[in-house]
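Note sheet for the following structure.
This chain uses plain numbering: 1 for the first residue, then up along the sequence. Side chains are part of it too, since the values below use all heavy atoms of this structure and drop only hydrogens, waters and symmetry mates.
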Amino acid sequence: MTQINVINGTLSKKEQEAYLKFAMEKYPNRAIRTMQIDLDGDYVNLSYEFEDVSFQRIRRITGYLVGELGRFNNAKRSEVEERVVHGVN
C-alpha cells in the first residue's frame, strides 16, 4: 500500500489516486513506497520513494559468470580463494 502525503493544500482521494495511477504508469516496473504531492499554486510537484530492489551479485570467476559458489567443486572454490584482488588507484 502506497503512502501518499499532500503538502500545501488538500486533494480528494480520487485526485490522489489519479496521481498515483500516473506514477505507476510512468514507472511500471517499480513499486512505489511513498509519494509526496506538493501543491504550488497551479503546479504540482511529485516526489516518489520506491521499494528496495533485491539483486544478486554476479561475478566472473575462473571463466564463469556466477552468483553463488555453491555449485563449484573443491578445485574451483580453491581457485576463488587464491585469487589476487587488485586495487584501483
Side-chain angles (χ1 to χ4, degrees):
M1 178 87 187
T2 302
Q3 178 183 349
I4 300 175
N5 302 316
V6 180
I7 299 174
N8 298 324
T10 58
L11 291 175
S12 69
K13 190 71 170 170
K14 188 174 181 179
E15 290 174 307
Q16 292 178 26
E17 289 172 359
Y19 282 117
L20 180 58
K21 182 180 176 187
F22 168 79
M24 292 171 71
E25 289 172 355
K26 186 174 181 179
Y27 302 102
N29 299 323
R30 304 289 306 269
I32 300 172
R33 179 182 297 152
T34 62
M35 182 170 73
Q36 182 172 305
I37 304 171
D38 186 4
L39 304 175
D40 185 16
D42 291 337
Y43 299 97
V44 175
N45 299 310
L46 302 176
S47 302
Y48 315 102
E49 180 182 332
F50 297 104
E51 294 287 345
D52 294 334
V53 177
S54 63
F55 67 95
Q56 181 181 8
R57 178 180 173 191
I58 302 294
R59 301 175 284 179
R60 183 179 176 98
I61 299 175
T62 65
Y64 298 93
L65 293 175
V66 296
E68 298 178 4
L69 304 179
R71 296 179 58 192
F72 275 15
N73 62 24
N74 290 339
K76 287 292 182 196
R77 287 183 188 178
S78 177
E79 287 182 41
V80 170
E81 292 172 7
E82 294 172 1
R83 288 178 65 197
V84 176
V85 178
H86 300 280
V88 177
N89 292 331

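- In this structure, Arg33 contributes its side chain and Glu49 its backbone to no donor-acceptor pair below 3.5 Å.
- By the neighbour-count criterion of 12 heavy atoms within 6.0 Å, atom CG of Asn74 is sparsely surrounded, having that number or fewer from other residues, nucleotides or ligands.
- At a cut-off of 3.5 Å, with distance as the only test, a side-chain donor of Asn8 or Asp38 sits close to an acceptor on the other residue.
- Contact detail for Thr2 and Ile32: the closest heavy-atom pair is OG1-O, 2.9 Å.
- Ion pairing between Glu17 and Lys14 fails under the 4.0 Å rule for side-chain N and carboxylate O.
- Between Ile4 and Tyr19, every side-chain heavy-atom pair lies at or beyond the 4.5 Å cut-off.
- Nearest approach of Leu11 to Gln16, heavy atoms of both residues: O-NE2, 3.2 Å.
- In terms of hydrophobic clustering, with Ile, Leu, Val, Met, Phe, Trp and Tyr side chains grouped at heavy-atom distances under 4.5 Å, Leu39 and Met35 are assigned to a common cluster.
- The line from CD1 of Ile37 to OG1 of Thr10 is 11.0 Å long, rounded to the nearest 0.5 Å.
- For Arg77 against Phe72, the heavy-atom pair with the smallest separation is NE-O, 3.2 Å.
- Closest heavy-atom contact between Phe50 and Arg30: CB-NH2, 3.2 Å.
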